[in-house]
2 protein chains.
Amino acid sequence: MSTKESDVKAPRKRLSAENREQKILEEAIKFFAEKGFSGQTRELASRLGISQPLLYRYFPTKRDLIENVFEEVYMNRVNPEWLTTIKNRERSLEDRLIEFYRSYAEATYRYEWIRVYMFSALMGEELNRRYINLVEKELLTPICLELRAYCGLTRDEPVSQAELDHIWVLHGGLFYYAIRKHIYHGPVSEDFSTVMSSAVTAMLRGTKVISGKL
Amino acid sequence: MSTKESDVKAPRKRLSAENREQKILEEAIKFFAEKGFSGQTRELASRLGISQPLLYRYFPTKRDLIENVFEEVYMNRVNPEWLTTIKNRERSLEDRLIEFYRSYAEATYRYEWIRVYMFSALMGEELNRRYINLVEKELLTPICLELRAYCGLTRDEPVSQAELDHIWVLHGGLFYYAIRKHIYHGPVSEDFSTVMSSAVTAMLRGTKVISGKL
DNA sequence: TACCTAGTTTATCAGATGATAAATAAAACC
DNA sequence: GGTTTTATTTATCATCTGATAAACTAGGTA
């Protein structure tokens with residue numbers, strides 16, 4: 001069987017610069033998500049079936065590659081429709097939050113995303129803090145305002161840190177489902193939707209009950 | 001100024017083996033919590049003001065040192081009083097959970113703990129999974145049983161994954177406060193107690209309201 | 001004071017790791 | 001087919017990094 005792959009010198013396929021760069025970036029996301037950013041360029045190259053120096057043709061430094069990974073993971077992650085959904089008072093807040101979290105989870109509760117996100121956070125990456133601020137301003141603050149209306153409150157003051165923290169418990173609790181799944185590799189029920197809608201509903205109803213104290 | 005520290009040879013203090021080992025372990029926890037476990041032994045030694053090979057007198061390998069850090073962080077972290085508090089039906093479940101989480105947060109929501117915990121989880125450490133199982137069996141399952149009683153349910157079946165996931169949203173949501181503080185370094189209100197008791201109360205009341213559907 | 005024990009340092013190794021330069025060869029062009 | 005272009009590889013460097021061995025010395029003991 002002289003035609004077996006293992007017998008023949010690898011045919012060394014060539015890709016266009018654009019395609020190769022794309023493939024490297026894709027694999028780098030998977031690789032760093034798994035190993036963290038101290039993962040080695042040689043192992044990444046080996047997974048790609050290319051030589052290690054080839055990486056440096058497309059990304060001048062490892063840090064440069066990592067920053068491209070960040071960009072891919074952090075950018076365009078806030079869907080403008082989310083805000084529309086949240087603010088749409090023609091539907092119940094319960095419905096809106098359930099739809100929002102279904103879509104949000106679909107976009108972000110993924111193996112690569114969750115892990116790259118947590119690794120970069122632990123590294124103290126600026127991009128991570130910017131993302132947190134974005135979430136707080138563009139998603140959680142609007143939710144707080146809807147929650148006030150839901151509870152029949154008519155405050156005019158800006159949303160307080162305490163209010164934000166309250167909604168962060170829900171937001172983080174749902175995110176924690178993804179952490180348990182992709183970081184702890186613990187047992188989680190397959191049906192996130194059900195878990196999520198129970199949590200959203202319980203939190204809303206419970207918050208309304210105690211809203212006098214908030 | 002010939003007496004300045006920088007001019008004089010370091011006086012080279014000697015510690016007993018026991019004390020030195022203790023100091024190394026303490027600093028290693030801080031160091032790895034900050035830098036992750038790919039932090040380098042030379043930098044750790046430098047922080048301790050000792051030479052790098054001295055580490056190897058007390059810990060034969062870096063991995064050995066890391067495992068001692070794990071042990072320090074993971075062991076004796078489950079206080080038996082917590083279970084007592086949770087099960088004590090002479091108090092309202094609300095009170096019990098608030099007391100439990102106050103104590104639990106005090107024990108675990110610390111910079112070193114949270115970060116070592118997350119780093120080790122990302123590394124896929126066995127010890128992490130064991131800890132998660134312990135939490136689920138010894139703390140969350142009992143809470144689920146109390147929650148059934150609180151909601152007036154009289155089931156006999158074992159606690160389902162869906163029930164666990166529901167309480168995980170609260171548990172994870174509160175834990176997420178510590179993640180935001182120590183990993184994201186984002187803004188959080190100083191008063192965790194207030195945030196926590198609101199969340200606990202809202203979740204309990206809300207869950208009771210929707211308990212027919214669970 | 002001289003000696004000994006053991007905590008600590010200096011010097012160094014071997015392999016790992018990010019990065020570079022030159023050689024090679026597949027595909028495109030004329 | 002011969003030439004050019006450029007994707008890719010081989011060989012290699014400099015530094016980093018975990019680890020080891022031998023030399024050194026502070027402090028206790030006879």
Side-chain angles (χ1 to χ4, degrees), chain A residues 3 5-32 34-70 119-120 123 125, chain B residues 5-70 119-120 123 125:
Chain A
T3 54
E5 278 182 17
S6 49
D7 291 339
V8 184
K9 267 269 160 67
R12 199 193 283 187
K13 275 186 201 164
R14 299 175 89 142
L15 298 181
S16 70
E18 199 182 5
N19 282 348
R20 180 61 77 194
E21 185 172 328
Q22 177 67 19
K23 288 224 173 206
I24 290 176
L25 190 50
E26 268 172 35
E27 193 69 35
I29 291 171
K30 284 189 211 167
F31 177 70
F32 288 130
E34 189 183 323
K35 299 273 183 171
F37 294 98
S38 49
Q40 296 130 24
T41 56
R42 275 170 178 78
E43 191 181 340
L44 170 58
S46 149
R47 289 194 186 193
L48 279 156
I50 63 175
S51 67
Q52 179 249 6
L54 189 56
L55 297 173
Y56 289 83
R57 176 162 182 98
Y58 298 96
F59 302 93
T61 65
K62 185 183 177 183
R63 176 71 200 177
D64 195 76
L65 176 55
I66 288 173
E67 261 157 23
N68 273 274
V69 170
F70 286 157
F119 275 120
S120 70
M123 287 163 69
E125 285 297 326
Chain B
E5 278 183 17
S6 49
D7 290 338
V8 183
K9 265 266 156 70
R12 199 192 282 185
K13 275 186 203 165
R14 297 174 90 136
L15 298 180
S16 70
E18 201 182 3
N19 281 347
R20 180 61 77 194
E21 185 172 329
Q22 177 67 21
K23 287 225 172 204
I24 290 176
L25 190 51
E26 268 172 33
E27 193 68 36
I29 292 172
K30 284 190 212 166
F31 177 69
F32 288 130
E34 188 184 325
K35 299 274 183 169
F37 294 99
S38 49
Q40 296 129 25
T41 56
R42 274 171 180 78
E43 191 181 340
L44 171 57
S46 149
R47 289 194 185 193
L48 279 156
I50 62 176
S51 68
Q52 179 247 6
L54 189 55
L55 297 174
Y56 288 83
R57 177 162 182 96
Y58 298 96
F59 302 93
T61 66
K62 184 184 177 181
R63 176 71 201 178
D64 195 76
L65 176 56
I66 289 173
E67 261 156 23
N68 273 274
V69 170
F70 285 158
F119 276 121
S120 70
M123 287 163 69
E125 285 296 324

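Throughout, protein chains are lettered first and strands after them, A, B, ... in sequence-line order, and every chain is numbered starting at 1.
In this structure, the CZ atom of A:Arg63 is 14 Å from the P atom of C:dG18, given to the nearest Å. D:dT17 atom P lies 14 Å from atom CG of B:Leu55, rounded to whole Å. The CG atom of A:Asp64 sits 13 Å away from the C1' atom of C:dA19 (whole-angstrom rounding). Atoms NZ (B:Lys35) and C1' (D:dT17) sit 15 Å apart, rounded to a whole Å. If you measure from atom CG of A:Leu15 to atom C1' of D:dT6, you get 13 Å, rounded to the nearest angstrom. One interatomic measurement links the two molecules: CG of A:Leu44 to P of C:dA19, which rounds to 13 Å at whole-angstrom precision. Following rounding to the nearest Å, B:Ile66 (CD1) and D:dT17 (P) show an atom-to-atom distance of 14 Å. Summarising the geometry, the separation between CD1 on B:Ile50 and C1' on C:dT10 is reported as 15 Å, rounded to the nearest angstrom.
Between A:Phe119 and A:Lys35, the shortest heavy-atom contact is CZ-C, 4.1 Å.
The ring of A:Phe32 has its center no closer than 6.0 angstrom to the ring center of A:Phe70.
Taking every side-chain heavy atom of A:Arg14 into account, D:dA7 is the closest of D:dG27, D:dA7, C:dG18. Of the candidate nucleotides D:dT8, C:dA19, C:dT8, C:dA19 has the atom lying nearest to any side-chain atom of A:Arg42. Closest to the A:Gln40 side chain, of the nucleotides C:dG7, C:dT17, D:dA21, is C:dT17. Comparing atom distances between the B:Tyr56 side chain and each of C:dT10, C:dA26, D:dA19 picks out D:dA19 as nearest. Which of D:dT8, C:dT9, D:dA19 sits closest to the side chain of A:Leu54 comes down to D:dT8.
Looking only at side-chain heavy atoms (C-beta outward), A:Ile24 and A:Asn68 stay at 4.5 Å or farther from each other.
The side chain of B:Thr41 contributes an N or O atom lying less than 4.0 Å from OP1 or OP2 of D:dG18. For B:Arg57 and C:dT8, the shortest distance from a side-chain N or O to OP1 or OP2 is not below 4.0 Å.
B:Lys30 has no carboxylate O lying under 4.0 Å from a charged side-chain N of B:Glu34, or vice versa, which leaves the two without a salt bridge.
With 3.5 Å as the limit, one finds a donor-acceptor pair spanning the side chains of B:Gln22 and B:Glu26.
In this structure, A:Phe59 reaches neither bases nor backbone, as no heavy-atom distance under 4.0 Å exists between it and the strands shown.
Residue A:Pro53 is the one, among B:Thr61 and A:Pro53, whose nearest nucleotide of DNA chain D lies closer to the 5' end (criterion: closest heavy atom).
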